[in-house]
Amino acid sequence: MSAPRPHPGLFITFEGIDGSGKSTQARLLADTLRAQGHTVILTREPGGSPGAEEIRTLVLQGDPDRWSAETELLLFTAARRDHLERVIWPALAAGQIVICDRFADSTRMYQGRTGLRSRVDALHDLMIGMEPDLTLLVDMDPEASLSRAKARATEEERFEDFGLPLQCQMREDFLALSREFSARFSVIQGNQSIEKVALDISQTVLEHLEASAS
Ligand code: ADP
Ligand code: TYD
């Protein structure tokens with residue numbers, strides 16, 4: 001099984017540090033696009049398919065030292081492959097819009113940060129082999145986003161446990177990644193009201209839809 005190329009759908013991903021508002025905005029964008037008559041699959045990573053959700057539990061819960069960096073990379077990639085095969089590729093092949101809360105750019109950032117970027121890229125080329133059509137980077141001040149993320153108090157804290165220094169590093173790395181893949185990235189100012197962020201995002205997506213239709 002492989003990625004439909006070129007596919008008639010639209011693959012949009014949300015990226016950014018924890019608590020920046022990705023999940024909130026992914027939901028709102030799905031509502032907006034559905035109201036416009038599009039068929040939308042709203043999904044997330046790690047997870048998004050039954051098998052990948054099981055892997056999500058393995059990678060996000062428990063001791064921060066539970067997995068080696070290499071094992072963690074393999075687990076995230078295995079989850080992504082299952083998610084693509086069972087959910088994303090069939091939806092794109094059917095011409096639907098897929099909105100995914102985090103995707104491979106998160107692996108480049110989080111698993112790539114400990115000197116593993118070349119292995120992340122090699123594994124991506126070998127097992128994933130596709131990029132989103134549009135990536136919305138919700139950029140935001142790490143102190144504010146960390147307090148938002150902490151206020152949620154879930155059990156999925158393996159990464160949030162790394163705290164403010166990691167979030168600051170991640171913000172800079174995400175911005176660098178948006179320059180590396182500038183053709184598909186759009187940077188959204190996250191430190192605004194939920195409604196204003198949603199408006200900026202829907203305008204960006206509308207422009208993308210219009211450009212790809214012409
Ligand atoms: P992420 O998916 O990036 O971790 P969430 O969408 O889950 O972020 O948002 C984290 C928390 O911050 C949630 O409680 C959410 O309601 C709140 N939140 C999201 N966007 C904003 C915003 N623009 N202003 C204030 N609070 C927000
Ligand atoms: P997520 O539930 O999106 O967290 P949040 O809503 O707080 O932003 O993702 C959980 C964590 O998983 C997040 O800290 C980033 C991490 N992650 C990786 O390390 N690699 C990956 O490939 C993905 C998709 C997520």
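In listed order, ligands and their atoms are each counted from 1.
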Subset of ligand 2 atoms that lie under 4.0 Å from at least one heavy atom of [X]:
X: Leu60; result: 10 (C), 11 (C), 12 (O)
X: Arg56; result: 2 (O)
X: Glu45; result: 24 (C)
X: Pro46; result: 23 (C), 24 (C), 25 (C)
X: Thr107; result: 21 (C), 22 (O)

* To do: Could you tell me whether some N/O pair between Lys22 and ligand 2 is separated by less than 3.5 angstrom?
  => yes
* To do: Before signing off on this row, confirm whether Gln111 and ligand 2 have an N or O atom pair separated by under 3.5 Å.
  => yes
* Between Arg171 and Phe174, is NZ or CZ placed under 6.0 angstrom from the six-membered ring centre and within 45° of the ring axis? -> no
* **Gly19 N/O to ligand 1 N/O under 3.5 Å** => yes
* Taking both backbone and side-chain atoms of Asp101, is any N or O found less than 3.5 Å from an N or O belonging to ligand 1? -> no
* Do Arg117 and Asp173 meet the salt-bridge criterion of a basic N to acidic O distance under 4.0 Å? -> no
* Just do the ring-ring contact (aromatic ring centres under 6.0 Å, His included) check on Phe11 and Phe103 with the steps written out, would you? => CA-CA 11 Å; Phe11 185 25; Phe103 189 66; 4.9 Å; yes
* To do: Identify the residue among Met170, Met109, Gln169 that makes a side-chain contact (heavy atoms from CB on, under 4.5 Å) with Ile17.
  => Met170
* Between atom CD of Gln192 and atom CG of Leu199, what is the distance when rounded to the nearest 0.5 Å? -> 9.0 Å
* Asked: Which distance, rounded to the nearest 0.5 Å, do you find between the CZ of Phe185 and the CG of Leu137?
  -> 6.0 Å
* Proximity winner for atom 15 (C) of ligand 1, if only heavy atoms of Ile194, Asp18, Thr24, Leu28 are counted -> Thr24
* Sequence-distant partners of Glu85, side-chain hydrogen bond (donor to acceptor under 3.5 Å, both in side chains), two or more places apart -> Arg81
